Visitor: 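Before I ask anything, here is the structure I am working with.
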Protein chains: 2
Amino acid sequence: MYMLYSKSSEYVVRALVYLAMKDNADFIMVKEISEHTEIPQPFLSKIFQDISRAKWITSKKGKNGGVKLAVNPAKLKLLDVISYFDGMQDYSRCMFGHKECGVSSKCALHNKCSDLKNEIYDFLNSTTIADFTSIWKKENKVSLKELKIF
Amino acid sequence: MYMLYSKSSEYVVRALVYLAMKDNADFIMVKEISEHTEIPQPFLSKIFQDISRAKWITSKKGKNGGVKLAVNPAKLKLLDVISYFDGMQDYSRCMFGHKECGVSSKCALHNKCSDLKNEIYDFLNSTTIADFTSIWKKENKVSLKELKIF
DNA sequence: ATAGTTTCAGATAAAAAGGTCTTAATATCT
DNA sequence: AGATATTAAGACCTTTTTATCTGAAACTAT
């Protein structure tokens, strides 16, 4: 499928939003996050291993262990998250495959489409984990099961 | 992956555009279409079987056989093609999962996102196979290898 | 130190998507 | 009628994505 983002990306956004809602003093157990986000726990563990390598979180083993945000969620853009898991896609590609898509060959269809792609790019590039978190806090919700980027 | 469309959808658009460029008097061999669109022939056959059930094309076996458009390409919307293969997705779903997404709970993020989804929907709903074809004719191209919806 | 808890790491399994192959059926031409 | 060309149909294979399992390592509290 030509994708906007994968399941992993969606999951990790939910997980990061949940973490960002906490005061970030304690480590949060993966199990707890799994329950509130409805992400299968083993899968979530693996995702955390992944983003722990990327230094977005730190983790602690043993009693009172868990995971904790290591970066400012206001600096974590959706684009970063998605491209980390799914790779960066080409938001500027011409739909007709022209290498040099000059003015002469531009048409309404092309323009419409590249505008759309720019908008998607801008949205992903300007929206952060913190943006989601602040809304969720306002709503006083705990569960993030339903959260979807699009 | 959360998709905009699958490979099948992309392929079938290319194939339909190719067919729509022909005068539609003769049946066109799947092999010929496969070569000009760079779609693996066995896969393309399968896709044609599919859309032949949907009555978008007719096919003829045997010598001088092949496939032929059975509908007006100006009436074939991208949305139809994509939803036929990938199913209709929910373009109006609230990103926070609210069943009743009332004004009070709407936020900038929600609005931005639903605007985007609407635009995508409108694009897919207003663009037809014929739109692609007319541009391709203008460009005097034969090969459709590079064509991509987005 | 030891027991208990919890992540880490990697192997493995299941599901979905994408792609190929083979045989049968059907049409056309001679 | 027979030979040939071409799609139909469905089984099968491959790759990618998603999900699970297991044994160890590490930390804490007692």
Side-chain angles (χ1 to χ4, degrees), chain A residues 1-15 19 25-35 37-70 81-87 89 148, chain B residues 1-15 18-19 25-35 37-70 82 84-87 89 145 148:
Chain A
M1 303 248 178
Y2 177 85
M3 55 84 199
L4 250 26
Y5 52 86
S6 66
K7 208 95 181 166
S8 294
S9 290
E10 186 184 313
Y11 281 169
V12 84
V13 166
R14 296 226 289 263
L19 277 179
D26 300 331
F27 286 91
I28 316 285
M29 278 197 291
V30 171
K31 194 181 170 207
E32 174 185 336
I33 302 166
S34 156
E35 278 162 4
T37 53
E38 209 154 82
I39 303 168
Q41 189 184 322
F43 197 46
L44 184 57
S45 295
K46 207 170 159 191
I47 290 172
F48 276 131
Q49 281 174 44
D50 238 327
I51 61 175
S52 147
R53 273 183 224 111
K55 309 283 186 198
W56 296 351
I57 56 156
T58 51
S59 68
K60 201 170 88 172
K61 294 180 181 177
K63 213 163 191 172
N64 296 326
V67 296
K68 186 184 350 189
L69 265 190
V81 176
I82 292 175
S83 60
Y84 182 78
F85 279 95
D86 304 328
Q89 53 172 303
K148 252 183 170 292
Chain B
M1 304 244 180
Y2 177 87
M3 54 86 198
L4 249 24
Y5 52 86
S6 66
K7 210 93 182 168
S8 294
S9 290
E10 186 185 314
Y11 282 169
V12 85
V13 166
R14 297 226 289 265
Y18 186 84
L19 278 179
D26 302 330
F27 286 91
I28 316 286
M29 277 197 294
V30 171
K31 193 181 172 207
E32 174 185 336
I33 303 167
S34 156
E35 278 162 4
T37 53
E38 210 154 82
I39 303 169
Q41 188 184 323
F43 198 45
L44 185 55
S45 295
K46 208 170 151 185
I47 290 171
F48 275 132
Q49 283 174 43
D50 237 328
I51 62 175
S52 146
R53 272 183 225 111
K55 309 283 186 199
W56 297 350
I57 57 157
T58 51
S59 68
K60 200 171 88 171
K61 294 179 182 178
K63 215 161 190 175
N64 296 327
V67 296
K68 189 192 333 197
L69 264 191
I82 293 176
Y84 183 78
F85 279 96
D86 304 327
Q89 51 172 303
K145 295 172 196 177
K148 251 182 171 294

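Nothing here was measured: the structure is a model prediction, and the numbers come from that model. Lettering follows sequence order; numbering is per chain, from 1.
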Visitor: Output the rounded distance in Å from CD (B/E32) to P (D/dT7).
Guide: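 To the nearest whole Å, that distance equals 10 Å.
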Visitor: Per the atom types in the model, does the base of D/dA9 pair as donor or acceptor with the side chain of B/Q49 at under 3.5 Å?
Guide: yes
Visitor: Rounded to whole angstroms, how far apart are CD1 on B/I57 and C1' on D/dT6?
Guide: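 One finds 13 Å between C1' of D/dT6 and CD1 of B/I57, rounded.
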Visitor: Measure from CD on A/E10 to P on D/dT17 and round the result to the nearest Å.
Guide: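 Between P of D/dT17 and CD of A/E10: 16 Å.
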Visitor: A/I39 and side-chain contact (heavy atoms from CB on, under 4.5 Å): which partner among A/L44, A/V30, A/I33?
Guide: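 Between A/I39 and the candidates, side-chain contact (heavy atoms from CB on, under 4.5 Å) is satisfied uniquely by A/L44.
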Visitor: How close or far is atom C1' of D/dT18 from atom CG of A/D86, stated in whole angstroms?
Guide: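 In whole Å, D/dT18 C1' lies 13 Å from A/D86 CG.
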Visitor: Just by distance, do the side chain of B/S45 and the backbone of B/Q41 share a donor-acceptor pair under 3.5 Å?
Guide: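 Checking the backbone N and O of B/Q41 against the side chain of B/S45, a donor-acceptor pair under 3.5 Å is found.
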Visitor: How many angstroms lie between atom OG of A/S9 and atom CG of A/D86, to the nearest 0.5 angstrom?
Guide: 3.5 Å
Visitor: Applying a 4.0 Å non-hydrogen cut-off, can you work out what A/V30 is touching in the nucleic acid: base, sugar-phosphate, or nothing?
Guide: sugar-phosphate
Visitor: Could you check how far CG of A/D50 sits from C1' of D/dT17, rounded to whole Å?
Guide: 13 Å
Visitor: Just the rounded figure in Å: distance from C1' of D/dA9 to CD1 of B/I47.
Guide: 15 Å
Visitor: Just the rounded figure in Å: distance from C1' of C/dA16 to OH of B/Y5.
Guide: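 Interatomic distance, OH of B/Y5 to C1' of C/dA16: 19 Å.
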Visitor: Side chains of residues 47-55 of chain A: which donor-acceptor partners sit under 3.5 Å, not counting sequence neighbours?
Guide:
residue: A/D50; atom: OD1; partner: A/R53; partner atom: NH1; Å: 3.4

Visitor: Report the distance from atom CZ of A/R14 to atom NZ of A/K148, rounding to the nearest 0.5 Å.
Guide: 8.0 Å
Visitor: Using a cut-off of 4.0 Å on non-hydrogen atoms, how would the nucleic acid contact of A/Y11 be classed: base, sugar-phosphate, or nothing?
Guide: sugar-phosphate
Visitor: Rounded to whole Å, how long is the line connecting atom CZ of B/R53 with atom C1' of D/dG10?
Guide: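 In whole Å, D/dG10 C1' lies 10 Å from B/R53 CZ.
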Visitor: Treating primed atoms plus P, OP1 and OP2 as sugar-phosphate and everything else as base, which nucleotides of nucleotides 20-30 of chain D get B, S or - for protein heavy atoms under 4.0 Å?
Guide: B----BBBSS-
Visitor: For residues 62-69 of chain A, run the donor-acceptor check on the side chains, cut-off 3.5 Å, and write out each pair with its distance to 0.1 Å, sequence neighbours left out.
Guide:
residue: A/K68; atom: NZ; partner: A/A25; partner atom: O; Å: 3.3

Visitor: Over 60° means perpendicular and under 30° means parallel, so classify the ring planes of A/Y11 and A/F43, tilted if in between.
Guide: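 A/F43 and A/Y11: perpendicular rings.
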